[in-house]
Protein chains: 2
Amino acid sequence: MTTSSGGEPAERTKAAVLEDVAGLAGVSAMTVSRVLNAPEKVRPETRARVLAAVQELGYRPNFAARSLVTGRSGVLGVVSFDTTLYGPASTLYAIERAAREHDYLVNIASLEAMTRRSIAEGVDRLRQQSVDGVIVIVPHESAADGLRDLPPDLPVVDVGGGERLSVPAVAVDHHAGAVRATRHLLELGHDTVHHLSGPANWIDANNRMQGWRHALRGREIPPPLAGDWSANSGYEQGKRLSRDPSVTAVFVANDPMALGLMRAFREAGRRVPEDVSVVGYDDVPEAAHFWPPLTTVRQNFATLGRQAFQLLLNRMVGHDTSERRTVEPELVVRESTSRR
Amino acid sequence: MTTSSGGEPAERTKAAVLEDVAGLAGVSAMTVSRVLNAPEKVRPETRARVLAAVQELGYRPNFAARSLVTGRSGVLGVVSFDTTLYGPASTLYAIERAAREHDYLVNIASLEAMTRRSIAEGVDRLRQQSVDGVIVIVPHESAADGLRDLPPDLPVVDVGGGERLSVPAVAVDHHAGAVRATRHLLELGHDTVHHLSGPANWIDANNRMQGWRHALRGREIPPPLAGDWSANSGYEQGKRLSRDPSVTAVFVANDPMALGLMRAFREAGRRVPEDVSVVGYDDVPEAAHFWPPLTTVRQNFATLGRQAFQLLLNRMVGHDTSERRTVEPELVVRESTSRR
DNA sequence: ACGTTTTATGTTAGCGATAACAGTCTTCGC
DNA sequence: GCGAAGACTGTTATCGCTAACATAAAACGT
């Protein structure tokens, strides 16, 4: 496999390396390296010659070698739970785009479970591949713990992972979002608002529930139900809720569950929004076409992702801010809510 | 935490390297390397000592160094267009899981556009980071071209990228899926079936359209409409279609568009399924809770992703098969279709 | 003109790991 | 009991690149 002593220059057998380019251009390897990394330090003339050689040989720098000597890899990692869910998927996508603009590649590590262990393990997997930094998208209580004892030398940024984090973080202000959703229903004249929450220990679920509670202060607060984010769980809990004739308004913690819930109500003969108003959360692209079109709370995942990347970039160049940024969600009123 | 072995100088300043571990364990670096890569070649006793040293120093192998010498990186790349769409997201997720089981990490490169250029560029981005192989998820006509002139040394597998590909590929048999969907409607007594297709030049869209055409042989084939996969486009085209009273059955190329279309029909006073039957495609998790619950064609993205990874693994160990595997979709009958 | 800076390129020395070969030290056959 | 095979462990020699220093050539000031 090695270039045996053959007197002829080995053709396209092995990928060209720096030395080959240097030879062809009649310069030293170092000069080639400079052309690639700091072109302004090389005379235009030489540069052109080198570039031509690069072109001719189809040379591509060996990433591992460069990484070995510079200590940077140009890759950043994203640890996420279920990249199939709308939120994480959108965030990931935004991160990837932001990263690309800065010439970073993105490595993903999705988690089997959301436990302290598995988060640490995910970060570790990435770290072994020497990523330059990690963004963690784990909207679960366990995130805070999982991030507690990380190697301090690895820049980490969290997305949507709760309050008391030891690292820079970006999050959507779900409390505010929930308050807006709930107030909207109250302002329509409903005496109280029921709540279908997300699964226990999910940060988003908790924050939204707290926001709902907060907005309901001074009123009767009905016991919340919990789903698992799926339309199916919304349907199941919806069937239960639809048996209670006093229910006139429901704030559902995400859109798919709202969809399921509305179906259950409809099947039970309760019209939305005439008999009961429903507000969702997320504003998935389909929400505007649910039946009826869903009033919901829009999260700007693109901004979230971009901000996360920015924060990570800051951390990577040294700024040791433990900054925490917040993205405001927005209520989108459509036709699933109406005056009492 | 760290061992409280006081008095030791220069702790936790630099990450430990092989040599450090070797020193602590009283062996050579090579032996440490062996313990990590071929434990059976080291006496249990020594192995234990080394492992203890690894533990104590919190040693992690330097990926770049290893990669430089072995020529393998343990990373594979996925080139995809829009990882926000249900299909690609699910496929990506499945690939990631399969990869993890085999200790591979996944690098993603999403594309700005689907052109030959941009695909080549995406593969290139990944290649520069020396991925061991690439899976391309680009369900567009341009994929075939984009994959034509790839470096032959890089293992590449395609997912859902059309017929005449120069690389191993996995794909869902959309033709069959569309035939099933269309036949289902015909069997329910509809004279013909209208079609709302995906955007031009998307492989899936074309295949489904062809399947639909095929199933309609010998009958009047109404001119198909085209959307852009979004619920919104389904709504717009639905409005148009709902004005034609002769329409009694529609096969829609994906579920979100079907959702939008059903909304349009409903708003136009045409009941689904009493007046018009609708079949979607994808079976997104929400489809069962649309109103009415959507009859659709289920694609098994998990299988698709797993197979893609398998194929890539084969190619990476040398098997130069240009194998092409097919995954069969399945019709799921729910309540959006009924007898004429 | 001359030393001094500036600019352009070359040299040397690793980065941290593993492959390949080279020793030791056992173990074993007869 | 002694050479040979085997089991472990150690010694180089890279892998491809870039930091840091060294050198040669050009530009500059007075």
Side-chain angles (χ1 to χ4, degrees), chain A residues 1-5 10 13-51 53-54 57-75 127-132 153, chain B residues 13-51 53-54 57-75 127-132 153:
Chain A
M1 288 293 213
T2 341
T3 352
S4 16
S5 51
T13 28
K14 289 282 153 261
V17 300
L18 215 50
E19 203 69 48
D20 302 335
V21 178
L24 184 61
V27 296
S28 76
M30 195 61 234
T31 299
V32 179
S33 173
R34 283 201 190 91
V35 169
L36 268 31
N37 300 304
E40 77 283 359
K41 291 189 174 173
V42 176
R43 191 149 32 105
E45 203 176 304
T46 331
R47 198 191 307 159
R49 208 146 28 95
V50 170
L51 255 16
V54 166
L57 295 177
Y59 168 77
R60 355 207 100 276
N62 180 309
F63 154 77
R66 174 181 293 173
S67 171
L68 179 58
V69 60
T70 61
R72 302 183 345 100
S73 65
V75 178
R127 199 154 78 100
Q128 285 192 32
Q129 302 285 358
S130 53
V131 296
D132 293 339
D153 54 303
Chain B
T13 26
K14 292 273 157 279
V17 300
L18 215 51
E19 204 69 49
D20 302 335
V21 178
L24 183 61
V27 297
S28 75
M30 195 62 233
T31 298
V32 179
S33 173
R34 284 200 190 92
V35 169
L36 268 30
N37 299 304
E40 76 284 358
K41 292 189 174 175
V42 177
R43 191 146 33 103
E45 204 175 303
T46 329
R47 198 191 307 158
R49 209 145 28 95
V50 170
L51 254 17
V54 166
L57 295 177
Y59 168 76
R60 0 205 98 278
N62 179 308
F63 154 77
R66 174 182 293 173
S67 170
L68 178 58
V69 62
T70 62
R72 303 182 346 98
S73 65
V75 178
R127 199 154 79 100
Q128 285 192 32
Q129 303 285 358
S130 55
V131 296
D132 292 339
D153 54 302

When you measure from the side chain of [X], which nucleotide among [options] comes out closest?
{"X": "B:Val17", "options": "C:dA17, D:dA20, C:dA19", "result": "C:dA17"}
{"X": "B:Val42", "options": "D:dT18, C:dT11, D:dT9", "result": "D:dT9"}
{"X": "A:Arg43", "options": "C:dA8, D:dG10, D:dC17", "result": "C:dA8"}

A side-chain contact here means heavy atoms from C-beta on lying under 4.5 Å apart; do [X] and [Y] qualify?
{"X": "A:Val42", "Y": "A:Val50", "value": "no"}
{"X": "B:Tyr59", "Y": "B:Leu24", "value": "no"}
{"X": "B:Gln129", "Y": "B:Val75", "value": "no"}

Open item on the list: Is it the case that C:dG10 (base atoms only) and A:Arg34 (side chain only) share a donor and an acceptor within less than 3.5 Å, ignoring hydrogens and angles?
Closed with: yes
Open item on the list: Using a heavy-atom cut-off of 4.0 Å across all strands, would you classify A:Phe63 as base, sugar-phosphate, or nothing?
Closed with: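 Counting heavy atoms under 4.0 Å across all strands, no contact is made by A:Phe63.
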Open item on the list: What's B:Thr31 touching, base or sugar-phosphate or nothing? Going by heavy atoms closer than 4.0 Å.
Closed with: sugar-phosphate
To the nearest Å, how far apart are [X] [atom1] and [N] [atom2]?
{"X": "A:Lys41", "N": "D:dT23", "atom1": "NZ", "atom2": "C1'", "answer": "16 Å"}
{"X": "B:Leu57", "N": "C:dG16", "atom1": "CG", "atom2": "C1'", "answer": "15 Å"}
{"X": "B:Glu45", "N": "D:dC8", "atom1": "CD", "atom2": "P", "answer": "11 Å"}

- [ ] Taking A:Ser130 for its side chain and B:Phe63 for its backbone only, find out whether a donor-acceptor pair lies under 3.5 Å.
- [x] no
Open item on the list: Please determine whether a side-chain nitrogen or oxygen atom of A:Thr46 lies at a distance below 4.0 Å from atom OP1 or OP2 of C:dA8.
Closed with: no
- [ ] Check whether any side-chain N or O of B:Asn62 sits under 4.0 Å from OP1 or OP2 of C:dC15, and answer yes or no.
- [x] no
Task: side-chain contact (heavy atoms from CB on, under 4.5 Å) partners for B:Ser33, two or more places apart - done: B:Leu18, B:Met30, B:Asn37
- [ ] Using heavy atoms and a sub-4.0 Å distance, could you list which residues of residues 65-73 of chain B are near DNA chain C? By number, please.
- [x] B:Ala65, B:Arg66, B:Leu68, B:Val69, B:Thr70
Open item on the list: Working to the nearest 0.5 angstrom, can you tell me the gap between A:Thr31 OG1 and A:Leu36 CG?
Closed with: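 With rounding to 0.5 Å, OG1 (A:Thr31) is 11.5 Å from CG (A:Leu36).
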